[in-house]
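A quick write-up on the structure given underneath.
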There are 2 protein chains.
Amino acid sequence: MDDSTEPAGASELPGGRALPKTDKSEQTRALILHTAMRLFKERGYDKTTMRAIAAEAGVSVGNAYYYFQSKEFLIQGFYDRMTYEHAADARARMAGTKDFAERLEIALASWVDCAAEYHGFASQFFRTAADPNSSLSPFSDESHPARATAVQLFREVLTGSEIAPKLDAELAELLPDILWLYLMIVVLYWVFDRTPDTERTREFVRRSTPMAARVINLSRYRVFRPIVRDAKGLIQDFILPTVGRTAGKQ
Amino acid sequence: MDDSTEPAGASELPGGRALPKTDKSEQTRALILHTAMRLFKERGYDKTTMRAIAAEAGVSVGNAYYYFQSKEFLIQGFYDRMTYEHAADARARMAGTKDFAERLEIALASWVDCAAEYHGFASQFFRTAADPNSSLSPFSDESHPARATAVQLFREVLTGSEIAPKLDAELAELLPDILWLYLMIVVLYWVFDRTPDTERTREFVRRSTPMAARVINLSRYRVFRPIVRDAKGLIQDFILPTVGRTAGKQ
DNA sequence: AGGGGGTTTTGAACACGTTCGAAACGTTGC
DNA sequence: GCAACGTTTCGAACGTGTTCAAAACCCCCT
């Protein structure tokens with residue numbers, strides 16, 4: 001419900017964002033971001049002009065650009081925050097559950113819920129996120145913190161479930177990243193979803209998670225060894241490196 | 001090597017493009033498109049201004065807009081054409097091959113080859129293609145012809161192979177669309193690929209096609225019945241409808 | 001009090017996609 | 001020849017994202 005007022009430094013990336021010289025500048029920054037998010041929700045991304053944001057926030061256009069490299073960058077802050085909120089919400093919701101499929105479903109459903117209010121303009125900036133050169137791309141270096149947070153969540157989805165100990169260690173290592181990719185697919189589905197309250201995406205999650213869980217479960221059996229080994233190799237060699245290898249770090 | 005001079009009507013969609021009143025206007029249209037493509041290749045999409053295109057083509061900006069609804073629409077023509085060329089090239093290349101995995105690999109490798117010269121600016125307009133509201137989206141109605149062409153190609157990849165008759169009929173029905181989705185993943189990979197000559201994507205294709213073929217092969221065995229059935233249901237109910245159901249049409 | 005240095009803020013100016021009313025052109029019928 | 005009408009072409013003007021040099025502000029030092 002309430003946005004605003006960044007976790008203060010939590011999402012301050014040393015690499016790209018504006019330099020926070022710590023004082024009321026942080027307040028201005030928050031004000032601008034807050035105003036922008038409100039207008040985005042009210043009118044959509046494209047229809048919200050930088051001039052409108054500045055005017056509404058009571059600052060000059062130039063000032064907005066002092067804090068945010070570009071209009072797109074206004075989104076990164078919100079993106080980080082949502083990831084963080086999602087992780088917290090998902091953890092809380094799956095606390096009492098041990099079943100892997102259920103945990104996975106909860107984690108994904110939680111994302112859909114957290115993102116719900118932004119669905120209106122999500123597609124408009126999804127375009128930007130799809131640009132490989134954009135720092136908004138989920139694969140970019142700038143998105144690394146958010147990605148790491150999400151991957152960590154999926155690690156917990158796994159380790160908190162009863163199938164965790166039964167899995168091949170190497171596969172268990174890869175799974176969090178793979179599940180994150182799975183989330184990316186759900187996000188893609190969600191962006192394109194035009195049904196009321198994105199009901200179709202929710203249904204998609206309900207239907208697909210048990211199957212995903214089943215596949216992972218089956219991977220333990222002897223018959224599947226060769227194919228699982230190949231799949232692992234493929235993902236390890238071709239997918240994760242491109243995606244910004246989170247695996248193997250801490 | 002040579003672009004230009006649209007197949008004359010071949011890619012004229014009744015829905016969206018400019019109305020060709022048949023005469024030298026078609027020539028102007030082609031001139032503009034041709035010039036645009038050249039400049040895109042030379043300088044990239046973003047760095048090519050409409051003014052530059054118009055100037056270079058020796059027409060006014062307004063004239064360019066008379067033929068093309070927007071800068072993005074300049075791309076659709078080329079997109080259609082490439083799809084067409086790809087289908088032709090792939091067919092020729094896999095003519096003598098019966099092995100499914102090989103045919104699949106050829107079809108995908110052919111795409112990478114056909115797209116090679118556009119890789120430079122592909123990522124810049126890929127952004128637009130990722131917008132669900134854009135007609136450039138591979139899932140949009142406007143892209144339906146191109147999609148249908150590609151799906152048809154994959155149908156032939158399948159029917160021309162020796163495993164075709166052994167497959168469950170229902171699955172065989174779905175496979176062309178699924179393989180097209182596979183191509184979309186390759187495209188995604190390719191867009192993000194920064195290696196010289198997109199060598200990594202080529203390697204990805206070489207490595208992933210045999211595995212895909214193996215999975216499809218395995219689907220015939222009894223043990224996998226339930227999971228294959230679920231997967232089929234999932235794709236049929238949730239993926240294809242969203243994607244613009246080509247399946248079931250002729 | 002007065003400077004000096006960094007930080008923050010400003011708004012005019014720029015570039016580019018796009019629009020639009022009007023002009024030029026071409027064809028057809030007289 | 002010319003008038004009428006649809007098609008094509010033009011280019012000035014608009015809206016918007018972004019830049020930049022200068023001003024305002026703030027805090028510390030002397």
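Atoms considered below: every heavy atom in the structure, side chains included; atoms not considered: hydrogens, waters and symmetry mates. Labels below follow one simple rule: chain letters A, B, ... track the order of the sequence lines, proteins then strands, and each chain is numbered from 1.
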Solution key, residues 55-63 of chain A side-chain donor-acceptor pairs under 3.5 Å, sequence neighbours excluded:
residue, atom, partner, partner atom, Å
A:E56, OE2, A:R38, NH2, 3.3
A:S60, OG, A:N63, N, 3.2

Practice item. Would you please name every residue forming a salt bridge (Lys or Arg N to Asp or Glu O under 4.0 Å) with A:R206, sequence neighbours left out? Key: A:E199, A:E203
Check your understanding: To the nearest Å, how far apart are B:F68 CZ and C:dT19 C1'?
Key -> 18 Å
Check your understanding: Can you tell me how far P of D:dT7 sits from CD of B:E26, to the nearest Å?
Key -> 15 Å
Check your understanding: What integer distance in Å separates B:Q27:CD from C:dG26:C1'?
Key -> 15 Å
Review point. A:T83: what forms a side-chain hydrogen bond (donor to acceptor under 3.5 Å, both in side chains) with it, not counting sequence neighbours?
Key: none
Review point. A:E72: what forms a salt bridge (Lys or Arg N to Asp or Glu O under 4.0 Å) with it, not counting sequence neighbours?
Key: none
Point to revise | For A:D113, all residues meeting salt bridge (Lys or Arg N to Asp or Glu O under 4.0 Å), sequence neighbours excluded | key: A:R93, A:R202
Exercise for review: At under 4.0 Å between heavy atoms, which parts of nucleotides 9-19 of chain D does protein reach? Answer with one letter per nucleotide, 5' to 3': B base, S sugar-phosphate only, - none.
Suggested key: BBB-B--BBBB
